Each structure stands twice: as C-alpha cells, then as structure tokens.
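The model shown is predicted, which means the values in this text are computed figures rather than measured ones.
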Amino acid sequence: KGKFLSLCTFFAVLLSCSKKDKHEEPPPVNQHVKIVQEALATNDSLKTFSNAFAKVTITDADAGQGLTVFAPVNSAITAYDPNARVYAAELTETEVKDHIVKGIVKKADLTNGKKLTSLSGKELVIAVENENIWVNGALIGEVDEDSTGIVFTIDHVLSAKPGTAEITVYDGTQWSV
C-alpha cells in the first residue's frame, strides 16, 4: 500500500509540471527600435503613440538600417475616431506601422513630392511649402534626430479612420447616349 501511495504521489508531481509553467523570455528588442522607443517615451506629447509603438513587433530586417517614425501627438490620436473604439488611444499594429519607414530619412531629405513606403505598405507623400513640411496632409512639427532613429512629430494620424468608405456618386441625369 505504501509503494502504491508513493507511486501515485510521484505521478501527481510529474504531471503537475508542464511547459506552461516556464516563463519564456521575450525576444531581445533591436537596438534601433529601443532608441526610437526611448525617444518616444521621453516626449510627453507622444505618450499615446509611444505606448502603441511599444506593443508592435518590428523585425530586425525592418529595423536594421534604422527607423524613421512620423508620430502623431496625443490629441491627434484622441481625435482620430473616438467613437469607433472603446479607447481612442488603441491603435492596431497596422495603424502604427503606417507611421514607420525603414531607414533613416532626415528632415533635409524630405523634399516636395518625395514618396516613402511605410512598414505597412502605405505610401507616404511629402509636401513642402515655405518652411512647412507635410506628410500625407499631416504637418510635421518637432524632430528628434539620432543616427539610428528619427522621430517626427505630426498633427494627424496617417491611417484612414475606421469605418470610412470612399463613395463615388454619379448623376445619371447628366449622361448622354
């Protein structure tokens, strides 16, 4: 009877151990990503975007040559579409990646008509007039330049608002046969 009880105890202990109990370390953050995260975190007007950026996975291939980020200010994210979400501050990974470009693009490199491609595949078009620079209609404000990451502060979110649709209406009374 004692051996049976010992054997049952042994199996109970053995079965209670599982791989789920082991805590896996998250993968190390790329140095370029870490520098951008620190730049975002130190700017109070970018806290909302900083929190969303920290949750996004950026591969070493994407971050290898540095990153350029067009970060919307807190008020721009709040105004983005407060009725479409439980919290306006929740940006999806794709929405965050709409604001990130592979490589270093300095302010001097932003010329009128220049086209950039974000990590999500979205085309970003630069417009320059006098001293003002826009990216897809969002005015660029402050710039935090580093050799491995650049953060531009912008006044609007670059993603399309959730639930919006582009509709073309034709007036059939104006057609001729």
Please say yes or no: joined through hydrophobic side-chain contacts below 4.5 Å, possibly via intermediate residues, are Ile104 and Val151 part of one cluster?
no

Contact check, side chains of Lys107 and Ile140, non-hydrogen atoms, under 4.5 Å
no

For the atom pair CD1 (Ile58) and NZ (Lys97), what is the distance rounded to the nearest 0.5 Å?
7.0 Å

Report yes if the side chains of Lys55 and Leu91 come closer than 4.5 Å at any heavy-atom pair, otherwise no.
no

Considering non-hydrogen atoms only, spot the tightest contact between Lys114 and Asp109 and give its length.
CD-O, 3.1 Å

Pick from Ile126, Thr111, Ile154, Asn112: which one makes a side chain to side chain contact (heavy atoms under 4.5 Å, CB included) with Ile133?
Ile126

Close side-chain approach of Glu93 and Ser120, heavy atoms under 4.5 Å
no

Does Leu119 belong to the same Ile/Leu/Val/Met/Phe/Trp/Tyr cluster as Leu116, with side-chain heavy atoms less than 4.5 Å apart forming each link?
no

As an exercise, state the distance from CG of Leu67 to NE2 of His99, rounded to the nearest 0.5 Å.
14.5 Å

Search all heavy atoms of Ala39 against all heavy atoms of Asp144 and return the closest pair with its distance.
CB-OD2, 3.4 Å

How far does CG of Leu40 sit from CG of Leu46, to the nearest 0.5 angstrom?
6.0 Å

Indicate, with yes or no, if Val143 and Val101 share a hydrophobic cluster defined by side-chain heavy-atom contacts under 4.5 Å among Ile, Leu, Val, Met, Phe, Trp and Tyr.
yes

Would you compute the distance between atom CZ of Phe49 and atom CD of Glu95 and round it to the nearest 0.5 angstrom?
10.5 Å

Quick one, Leu124 and Leu158 - any side-chain contact, counting heavy atoms below 4.5 Å?
yes

Which atom pair, heavy atoms only, marks the closest approach of Pro72 to His156?
CB-O, 3.8 Å

Go through Phe53 and Val69 one step at a time and tell me if the side-chain contact (heavy atoms from CB on, under 4.5 Å) criterion holds.
CA-CA 10 Å; Phe53 182 88; Val69 178; 4.2 Å; yes

So how far is it from Thr42 OG1 to Lys47 NZ, rounded to the nearest 0.5 Å?
7.0 Å

Closest approach of Asp98 and Ser118, non-hydrogen atoms and distance?
O-CB, 3.4 Å

Could you grab the distance from atom CD1 of Ile150 to atom NZ of Lys106, nearest 0.5 Å is fine?
6.0 Å

Mind checking whether Phe70 and Val105 sit in one hydrophobic cluster, side chains of I, L, V, M, F, W, Y counted as touching below 4.5 Å?
yes

Same cluster (ILVMFWY, side-chain, under 4.5 Å), Val33 and Val96:
yes

Is a side-chain donor or acceptor of Asp155 paired with a backbone partner of Leu139 at a separation under 3.5 angstrom?
yes

For the backbone of Val73 and the side chain of Asn43, can you confirm whether one donor and one acceptor N or O come within less than 3.5 Å of each other?
no

